[in-house]
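Throughout, a chain's letter reflects where its sequence line sits, starting with A, and its residues are numbered from 1.
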Number of protein chains: 2
Amino acid sequence: MGRWPGGTQERLQKAAIDLFTERGYERTTVAEIATRAGLTERTFYNHFADKREVLFPEQDSFIAKVREAVGAAPAEQSPLDAVNAAFIAGSDWFDQRREAAQRRRHILDAHTDLREREWAKLAALGEAITAALRTRGIPDPAATLTAAASVAAYRLAAARWLADPQYGTLGHHLHTTFEDLHRTARSW
Amino acid sequence: MGRWPGGTQERLQKAAIDLFTERGYERTTVAEIATRAGLTERTFYNHFADKREVLFPEQDSFIAKVREAVGAAPAEQSPLDAVNAAFIAGSDWFDQRREAAQRRRHILDAHTDLREREWAKLAALGEAITAALRTRGIPDPAATLTAAASVAAYRLAAARWLADPQYGTLGHHLHTTFEDLHRTARSW
DNA sequence: ACAGTGATTGCAGAACCTGTAATCACTGTG
DNA sequence: CACAGTGATTACAGGTTCTGCAATCACTGT
């Protein structure tokens, strides 16, 4: 496997993020990204389905991890707690990449196209959690609604994590946000 | 305002839905849609921001209506009930268009691109509800989480409505789905 | 008549994305 | 050491989406 430099995807991702922050998402062409990474436009499309996808690298594996963790949670744990625990279990990975997450968020916030893709990813996360809860024996309205609420809490926790001037961990914010969810639900 | 035939948007929408069901979304070009409507491709883009948007016609006004209704709800009503009532208030409109909604759903289900746009629209709905709840004095974690749960319930209710062999009204399914949400939340 | 308005059109072009076949660097085998 | 095999990269051609700009067109009001 030594034939080419290697780390092609990573190089493309770095080139893309750099160019997006330099001159903006829309003013950057795929050809430019590829050239900066020492590759061609066609090669970019061999690694990413489209231009947006370069900003959502490990999302699919993250979703798979969450689904697995929810499925493997102890049987006596409540559905919501199982999802919460699954999120927290994978939160270290993000804590080590806070700065990259910041840059990514700034790019995403500036472009409707990209936020659209983000919503799609969160929807996929929600559907994966729904499926995992169903295999745990949770019947259907509860599975869907619990998954949706969990994803909403996750999204809110991530936002708080990035905005926190105290640099608290994502796990901490997940904990408090799911507590907020409990409190809010009691008011319904 | 009599200069041109009129109803341009509606003709484009009808042409688009017909062609999408005939030969599929991806195998239909914008030029073909415009030609069937007796117009040109350029005119299509004068009315819709992009090819997908032709399938989401009244979404923006629906969102505006919901926001307004949530804002105008009686003060003693709980946040969740206010949103529920706002949805139900606008549900007749959908009941009169059940068949069109069916066709639309089949097209949407077959294409990731389009479902992505749908998630984006639901996200916009959620943000509008969040804003409306905030103006009602609901503080932030509760506003966001309540809005997200409401949208999830709305989505589930719409799915049940379309799948219901008994042809129950959307209002009915909204009612029962929000009851499910109450029940589920109590289990958290 | 005649200027004004607003929708539609024509045209040019950039960027996105895909299909297909060729090339290239390296690997394993006889 | 030839040599076929493998997998990533590349070249190229082309369709489609979407935009900017200027012109045209049907109708309106004076």
Nearest whole Å is fine: how far is [N] [atom2] from [X] [atom1]?
X	N	atom1	atom2	result
Ile33(B)	dC18(D)	CD1	P	10 Å
Asn46(A)	dT10(D)	CG	P	9 Å
Asp50(B)	dC16(C)	CG	P	15 Å
Leu19(A)	dA15(C)	CG	C1'	15 Å
Arg27(B)	dT16(D)	CZ	P	9 Å
Arg52(B)	dT17(D)	CZ	C1'	11 Å
Glu26(B)	dT17(D)	CD	P	10 Å
Tyr45(A)	dC12(D)	OH	P	19 Å

Lys/Arg-Asp/Glu bridge criterion (N-O < 4.0 Å) met for [X], [Y]:
X	Y	answer
Lys51(A)	Asp113(A)	no
Asp18(A)	Lys14(A)	yes
Glu118(A)	Arg52(A)	no

Nearest heavy atoms of Asp164(A) and His173(A), plus distance in Å: OD2-NE2, 2.9 Å
What one should report as the nearest heavy-atom pair of Phe44(A) and Asp50(A) is CE2-O, 3.8 Å
Under 4.0 Å, heavy atoms only, any strand: does Ala31(A) hit a base, just the sugar-phosphate, or nothing? nothing
Using 30° and 60° as the class boundaries, would you call the ring planes of Phe94(B) and Trp161(B) parallel, tilted or perpendicular? perpendicular
So does [X] get a side-chain nitrogen or oxygen closer than 4.0 Å to the phosphate oxygens (OP1/OP2) of [N]?
X	N	result
Thr43(B)	dT9(C)	yes
Thr40(A)	dT10(D)	yes
His47(B)	dT8(C)	yes
Thr29(B)	dG15(D)	no
Thr8(B)	dT8(C)	yes

Between Tyr25(A) and Arg42(A), which is nearer to the 5' end of DNA chain C once each is assigned its nearest nucleotide? Tyr25(A)
Verify whether one side chain among Thr40(B) and Thr43(B) offers a donor that lies under 3.5 Å from an acceptor in the other. yes
Stem list, DNA chain D (Watson-Crick or G-U pairing under 3.5 Å, at least 3 consecutive pairs): C:1-30 with D:1-30
